[in-house]
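This report concerns only the one structure given below.
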Amino acid sequence: MNTLTYLFQTAVKNFWSEKRINLLTVLTIAVGLLIISAFALITLNIDLTLKNWSGGFGLVVYLKDNISAEEEGLIKNHFKKDTDITSVNYITKEQALKELRQTLGSATHLLEGFESNPLPASFELKLKRESLTPAGIKEKAERLKQFQGVEDVQYGEKWLASMDSLSKGLKVLTVSLGSIILIALAFVTYSTIKILFYRRADEIDTMKLLGASRSFIRLPFLMEGLFIGLSSGIIALSALFGIYAVTTAKTAELIPSIKSFAVFFPPAAYPVLPLGGALMSLIGSLFAIGRIKY
Amino acid sequence: MIQFSDVSKFYDNEAALSDITLTIEKGEHIYITGPSGAGKTTLLKLIYAAERPDKGTVSVAGQDTGKLKQGAVPFLRRTIGVVFQDFRLLPNVTVFDNIALALRIHGIDSKEIKENVNDVLASIGMKHKAHEFPRHLSGGEQQMAAIARAIVSKPNVLLADEPTGNLDPGTADTIIKLFREINLRGTTLIIATHHDALFKNTGHRVIYLKEGKIEKETKD
Ligand SMILES: Nc1ncnc2c1ncn2[C@@H]1O[C@H](COP(=O)(O)OP(=O)(O)OP(=O)(O)O)[C@@H](O)[C@H]1O
Ligand SMILES: [Mg+2]
């Protein structure tokens, strides 16, 4: 057994002999990590959901009843040149009316007062997902409105804008909350290791008098900090998975489709929590031990 | 080997040692004696750099301890075995592990540690206490464990601060014999004690301290 193994064993022993304070620290850090990761997971899910929904968005270009064939041709030409547009669907006045009748169902009599078809013909445009930014769509809509023969252009303007700011806001919140919590977690380990270090001050003095090097003294404490961080991360990850599984199962009773779009982090991201916890704890421990003086 | 030149050490403006000049040769067997508070422990601490002189210089194996870099201190201490007056055993590890610690600090491997620790425990008749914790030992047994830890790494210099204070005369005798053997193998041996029976009529050099000063030096 070499020195490193011995120091590792010492760290395990110390961790165990102070199990109460260590367990408390682990749980505190696990809760912190759980909050961060839950936020990240919610953000990820909302983001994906928004992306899926916005895929169905497009522009509807309503045409004037008196539009000329020439004007219509110019508009169609414009669609062809715009590579962001993936599909163009022409809806005649009659089709629009038919669709409306279907939607109204038994309430069709509402339409009986009209002598002629009041609905305009329209183009329904589908756009590439990448170009579905609120600003981009707005610009396109404004351009189309300039065309002769166009009555109006509609798009899910408010929807898109609010989804976009929601997604951005969530990301900012997750990152800033995450950083604050991470720093707090480093402080939690800092104070625990500081306490443990002071509690063993006598032993440390003895070891120094026997000629122990700095790393001989420091390493067990750093390893202890590392255990704290690692186990917190593992606990947080398991808890997050448990909560996710239970929540989606419960929600699925109300909204069955939730199963098809709710996602968990990919396995490649699993080590992030334990490693992140370990890193922050290690930093906390390093500061807690400070400079060892002889 | 060890040289004090005009050394003073103050605690809160009170001199614990003043103007000590003393040379101890390699392989010597020397006693430091004097009443309580005379400065015996302080003198030993200056040797293993637990204290630095406030005036004058202390040199150990050619190194000025007052100028020693922080990182060099552990290396100096690894060449010196110390039996502390208050034992300084780690409370939460066994006698075996307490003694082994001195070797682990040297980076020695487990197998060799086991052999050496068992040898030393056998030489002081403490083998049966190897797996006890210090708090389960009598005062004398704790002192024996402290002695074992100081000698197990075969240091160049052995400092023993009141090493027989808790021992019965018979055991004290055994320990002094053991020390003598260690000294004969070349280890410089410095014993601080007010127990004059240890050095009376032995012909060893004795330094008498009083109120921090060397009062006299004899070869008893
Ligand atoms: N850390 C300290 N802080 C303040 N004063 C100290 C300290 N260590 C020693 N002293 C003082 O220095 C003087 C010498 O102490 P020292 O321990 O060297 O005496 P000693 O000869 O070993 O005594 P004893 O025989 O009781 O062990 C004493 O007056 C003591 O009070
Ligand atoms: Mg003393």
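In what follows, chains are A, B, ... by sequence order, proteins preceding strands, each numbered from 1.
- Proximity to chain A is limited to the side chain of Pro91(B), based on heavy atoms less than 4.5 angstrom apart.
- No hydrogens or angles considered: a donor-acceptor pair under 3.5 Å links the side chains of Thr41(B) and Asp161(B).
- Proximity to chain A is limited to the side chain of Val73(B), based on heavy atoms less than 4.5 angstrom apart.
- Each of Leu17(B), Ile20(B), Leu209(B), Val7(B) was evaluated against Thr42(B); a single residue qualifies, Leu17(B), per the side chain to side chain contact (heavy atoms under 4.5 Å, CB included) test.
- Proximity to chain B is limited to the side chain of Lys13(A), based on heavy atoms less than 4.5 angstrom apart.
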Candidate pair Phe197(A) and Tyr190(A), rule ring pair (Phe, Tyr, Trp, His ring centres under 6.0 Å), full reasoning: CA-CA 10 Å; Phe197(A) 199 73; Tyr190(A) 171 89; over 10 Å; no

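- Side chain of Arg77(B) to main chain of Tyr48(B): a donor-acceptor pair is present (N/O by atom type, distance under 3.5 Å, no hydrogens or angles).
- Of the listed residues (Ile113(B), Leu68(B), Leu76(B), Leu90(B)), the greatest number of heavy-atom pairs within a distance under 4.5 Å of chain A belongs to Leu90(B).
- Checked against the 6.0 Å centroid threshold, Tyr31(B) and His29(B) count as a close aromatic pair.
- No donor-acceptor pair closer than 3.5 Å links the side chain of Asp12(B) to the backbone N or O of Glu14(B).
- Along residues 286-294 of chain A, the residues that come nearer than 4.5 angstrom to chain B, judged on non-hydrogen atoms, are Arg291(A), Ile292(A), Lys293(A), Tyr294(A) in order of number.
- Taking Arg78(B), Arg52(B), His106(B), Lys45(B) one by one and counting their heavy-atom pairs under 4.5 Å with chain A, the maximum is reached by Arg78(B).
- Here Phe265(A) and Tyr244(A) keep their ring centres 6.0 angstrom or further from each other.
- Phe75(B) does not touch chain A: none of its heavy atoms, backbone or side chain, sits under 4.5 Å away.
- In this structure, Asn116(B) contributes its side chain and Ser153(B) its backbone to no donor-acceptor pair below 3.5 Å.
- The aromatic rings of Phe227(A) and Phe8(A) sit perpendicular to each other, their planes meeting at more than 60°, with 30° as the lower class boundary.
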